[in-house]
Number of protein chains: 2
Amino acid sequence: MTEQLRRFKAEIFQGLAHPVRIAIVEALCEGERPAGWLTEHLGLEQANGSQHLAVLRSKQIIVSRKQGNQVFYSLRDPVLIKVLEILRRYFYAQLAETESLMRQVKAGAGGARR
Amino acid sequence: MTEQLRRFKAEIFQGLAHPVRIAIVEALCEGERPAGWLTEHLGLEQANGSQHLAVLRSKQIIVSRKQGNQVFYSLRDPVLIKVLEILRRYFYAQLAETESLMRQVKAGAGGARR
DNA sequence: TCAGTATATTCGAAAATGCGAATTTACGAA
DNA sequence: TTCGTAAATTCGCATTTTCGAATATACTGA
């Protein structure tokens, strides 16, 4: 069971492991959107956008609803937003850390080291 | 900047997008561990374990500390544990949903549908 | 029915990933 | 220095991912 859980988690991560797909998820935080709006909003090729949506669908990260001519997508579970938020904080923490490191290096060593 | 943030997130997700690497991170929740312990604990080939550690290192998810003959690994930022916990809850929620769906299908339709 | 729009799927090529076998590097002890 | 252990790296190969171009599908309205 624990192995199955790990596979499940890995699948979710794999689904989110692309900047475009993260952008899609972020856009869907605002609410349901049609596929066309997403691809246009993100400046993607039609096919490419659809492919990324297919990946997210296959990992059950998003769900679709057909209405007339178009397909509306939404997050299956908004809990994933929390994950992205955590990572945003993590990102800035790391940025700050790297910056202070750079300052140290600059201040400390006079020239380039070999 | 927002694009850079998305790339950063995607890198983290990419780093976690493998059951073995998730197992490594979970093991490191308990605290620092030497590389050898991890590969043995998870039943991996020595090289393979080292490769997965290299991936996690390259994404800055773990950090290493050399002591004598061995290399100790630890999580760079335990906040990632939270992410895994969220996904565990998410997993069980989805499981429950799927189960209730199965029950509905079983109860509703008499036989296999085509 | 036919034409038009929205979306999905297929195909082929390039790139990235995952793995075990073999090799290399780094370290401690004799 | 030489040996033995821990870990990293390299290599070759199979699999997967990513992308754009082309094609197919589904629906609407005339």
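Since the structure is predicted, the reported quantities are computational estimates derived from the model, not experimental observations. Each chain gets a letter, A, B and so on, in the order its sequence line appears, and its residues count up from 1.
Atoms CD1 (A/I22) and P (D/dT18) sit 12 Å apart, rounded to a whole Å. Here D/dA6 presents its P atom at 12 Å from CZ of B/F72, a figure rounded to the nearest Å. Between the P atom of D/dA7 and the CG atom of B/L38 lies a distance of 9 Å, rounded to the nearest Å. In this structure, the CZ atom of A/R33 is 14 Å from the P atom of C/dT7, given to the nearest Å. Whole-Å rounding puts the B/L42 CG to D/dA7 P distance at 13 Å. Taking atom CD of residue B/E11 and atom C1' of nucleotide C/dA16, one finds them 13 Å apart after rounding to whole Å. Atom CD1 of B/I62 and atom P of D/dA7 are 12 Å apart (whole Å). Between the CZ atom of B/R65 and the C1' atom of C/dA26 there is a distance of 16 Å, given to the nearest Å.
Counted within 6.0 Å of CD on A/E85, heavy atoms from surrounding residues, nucleotides or ligands total more than 12; the atom is thus considered enclosed.
Under the side chain to side chain contact (heavy atoms under 4.5 Å, CB included) test applied with A/V20, the options A/L53, A/L44, A/L38 reduce to a single match, A/L44.
Where A/S50 and A/Q14 meet DNA chain C, the nucleotide closest to each residue was compared, and A/S50 sits on the side nearer the 5' end. Nearest-nucleotide assignment on DNA chain C puts the 5′-proximal partner with A/A35, out of B/R21 and A/A35.
Taking 4.5 Å as the limit, every side-chain heavy atom of B/H41 sits out of range of all side-chain heavy atoms of B/R33.
One can find a donor-acceptor pair under 3.5 Å joining the base of C/dA8 and the side-chain atoms of A/Q46. Contact of B/E45 with C/dG18 (side chain to base): no donor-acceptor pair of N or O atoms is detected under 3.5 Å. A donor-acceptor contact under 3.5 Å is not formed by the side chain of B/Q70 with the base of C/dG28.
OP1 and OP2 of C/dT17 both lie 4.0 Å or more from every side-chain N or O belonging to B/H52. Side-chain N/O atoms of B/Y73 include none lying less than 4.0 angstrom from OP1 or OP2 on D/dA6. At C/dC19, one or more side-chain N or O atoms of B/H18 fall inside 4.0 Å of OP1 or OP2 (strictly under the cut-off).
Base engagement by A/N69 is indicated by at least one non-hydrogen atom pair under 4.0 Å involving a base atom.
Screening residues 59-89 of chain A for ring pair (Phe, Tyr, Trp, His ring centres under 6.0 Å), with sequence neighbours left out, gives no hits.
Using a 4.0 Å cut-off between charged nitrogen and carboxylate oxygen, A/R88 and A/E26 do not count as a salt-bridge pair.
Between D/dA8, D/dT9, C/dA8, one nucleotide has an atom nearer to the side chain of B/Q51 than all others, and that is D/dT9. Relative to the side chain of A/L53, the nucleotides D/dA7, C/dT7, C/dA8 differ in distance, and C/dA8 lies closest.
In terms of heavy atoms, B/E3 sits closest to A/P19 at OE2-CB, 4.1 Å.
At distances below 3.5 Å, at least one donor-acceptor pair connects side-chain atoms of A/R21 with backbone N or O atoms of A/G15.
The bend of the helix from C/dT1-D/dA30 to C/dA30-D/dT1, defined by the angle between the axes of its first five and last five pairs, stands at 20° to the nearest 10°.
Here the CD1-NE2 distance, from B/I24 to B/H18, works out to 9.5 Å after rounding to the nearest 0.5 Å.
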